[in-house]
Amino acid sequence: MSLIAQKISGCYRRVLVFLLLALIVLAAVGVILYYQVGGTEGVRYWTAGRALNGTERIILKNRPDGIPQENVEAQFETVRDAIRNRQIELKLLYDVLKSYQDKFHNPGLSTETVKPSTPEVEEFLTNLQQVIILEE
């Protein structure tokens, strides 16, 4: 083999080893984070919290004047606490969040957001309260 071919094959070997080590490190970090969040069940609740935070930002940005910001924040904090305590119906929560986002945040193919009315936000907040599982 020529000198150039040996240098190239050595370079490929080093790059391959580097990529393999980087992949192993990323996998290890992913596994550690997965267990820190709480496994499969924890990932579901973590994802629900992220979806709730995103919807809260949308509502606060497009909130009608008839709804105080403190009421919206308090309602979302109540649901956030229920998520932390695993006292929430996840499927119902996703349905409520999706219905709001489909109706008011980029409905259809439009790039604009639709500002909800006061009764619509009140109905959404009521539906959001209903996803919490009350202990008996």
Side-chain angles (χ1 to χ4, degrees):
M1 225 160 57
S2 71
L3 183 61
I4 295 174
Q6 288 176 345
K7 287 182 180 180
I8 290 176
S9 71
C11 177
Y12 285 140
R13 206 171 339 143
R14 286 189 294 270
V15 169
L16 184 61
V17 168
F18 173 77
L19 290 176
L20 186 61
L21 287 174
L23 184 64
I24 290 170
V25 168
L26 285 174
V29 168
V31 168
I32 290 169
L33 287 175
Y34 178 76
Y35 285 111
Q36 287 291 323
V37 168
T40 303
E41 194 69 18
V43 169
R44 289 183 184 132
Y45 285 99
W46 180 81
T47 305
R50 302 291 74 76
L52 187 71
N53 292 343
T55 305
E56 181 181 20
R57 280 191 299 275
I58 292 168
I59 286 181
L60 289 175
K61 190 169 74 174
N62 296 321
R63 178 181 51 82
D65 295 333
I67 305 286
Q69 181 172 345
E70 295 80 25
N71 289 0
V72 174
E73 290 172 346
Q75 182 66 35
F76 275 90
E77 190 58 38
T78 303
V79 176
R80 213 173 276 115
D81 288 340
I83 289 173
R84 275 188 229 112
N85 297 329
R86 309 286 201 263
Q87 296 175 332
I88 198 150
E89 182 65 41
L90 288 176
K91 174 80 170 102
L92 189 57
L93 174 66
Y94 284 126
D95 290 343
V96 169
L97 295 178
K98 184 169 176 15
S99 70
Y100 180 85
Q101 289 177 352
D102 287 346
K103 193 170 183 181
F104 300 110
H105 189 68
N106 296 336
L109 298 176
S110 171
T111 58
E112 297 179 12
T113 57
V114 177
K115 189 169 183 172
S117 66
T118 300
E120 289 170 328
V121 172
E122 288 173 344
E123 178 186 358
F124 170 74
L125 293 176
T126 302
N127 292 341
L128 197 59
Q129 180 67 32
Q130 293 173 353
V131 301
I132 298 174
I133 300 171
L134 300 175
E135 291 185 33
E136 297 178 24

How long is the straight-line distance from [atom2] of [Y] back to [atom1] of [X], given to the nearest 0.5 Å?
X   : Y   : atom1 : atom2 : result
L90 : R44 : CG    : CZ    : 8.0 Å
L19 : Y12 : CG    : OH    : 12.5 Å
I83 : R50 : CD1   : CZ    : 8.5 Å
R57 : N62 : CZ    : CG    : 13.0 Å
L52 : T47 : CG    : OG1   : 12.5 Å

Exercise for review: Identify whether the distance between the nearest side-chain nitrogen and carboxylate oxygen of E77 and R84 falls below 4.0 Å.
Suggested key: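 Between R84 and E77 there is a salt bridge, with a charged N closer than 4.0 Å to a carboxylate O.
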
Review point. Is the shortest side-chain N to carboxylate O distance from R80 to E56 below 4.0 Å?
Key: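 A salt bridge is present here (some side-chain N lies under 4.0 Å from a carboxylate O).
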
Review point. Should V25 and Y34 be regarded as members of a common hydrophobic cluster, given that ILVMFWY residues are connected when their side-chain heavy atoms come within less than 4.5 Å of each other, either directly or indirectly?
Key: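 Looking at the clustering, Y34 is in a separate group from V25.
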
Point to revise | V15-L23 co-clustered via ILVMFWY side chain contacts under 4.5 Å | key: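 Different hydrophobic clusters.
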
Exercise for review: Evaluate the side-chain contact (heavy atoms from CB on, under 4.5 Å) criterion for residues I132 and V79: first the C-alpha distance (whole Å), next the side-chain angles of each, then the deciding distance (0.1 Å), finally the verdict.
Suggested key: CA-CA 7 Å; I132 298 174; V79 176; 4.2 Å; yes

Review point. Where is the tightest heavy-atom contact between Q69 and L60, given as atom of each residue plus distance?
Key: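 Reported closest heavy-atom pair: CG-CD2, 3.6 Å.
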
Review point. Which pair of non-hydrogen atoms, one from A48 and one from Y94, has the smallest distance, and what is that distance?
Key: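 Residues A48 and Y94, closest heavy atoms: N-OH, 3.2 Å.
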
Practice item. Determine, stepwise, if the pair F76 / N53 fulfils side-chain contact (heavy atoms from CB on, under 4.5 Å). Key: CA-CA 8 Å; F76 275 90; N53 292 343; over 6 Å; no

Review point. Could you walk me through whether Q75 and L128 pass the side-chain contact (heavy atoms from CB on, under 4.5 Å) check?
Key: CA-CA 8 Å; Q75 182 66 35; L128 197 59; 4.2 Å; yes

Practice item. Tell me yes or no: between the side chains of T126 and E123, is some donor less than 3.5 Å from an acceptor? Key: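 Looking only at side-chain atoms, E123 and T126 do not form any donor-acceptor pair under 3.5 Å.
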
**Study point:** Test side chain to side chain contact (heavy atoms under 4.5 Å, CB included) applied to F124 and T55, I67, V72, the passing residue
**Key:**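 The option that passes is T55.
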
Check your understanding: With a 4.5 Å limit on heavy-atom distance, are the side chains of V131 and N127 in contact?
Key ->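 Side chain of V131 against side chain of N127, heavy atoms only: no contact under 4.5 Å found.
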
Point to revise | 4.5 Å side-chain heavy-atom contact, Y100 and I58 | key: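 Heavy-atom side-chain distance check passes, below 4.5 Å.
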
Practice item. Examine distances only and state if a side-chain atom of E120 and a backbone atom of S117 form a donor-acceptor pair shorter than 3.5 Å. Key: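 A pair under 3.5 Å: yes.
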
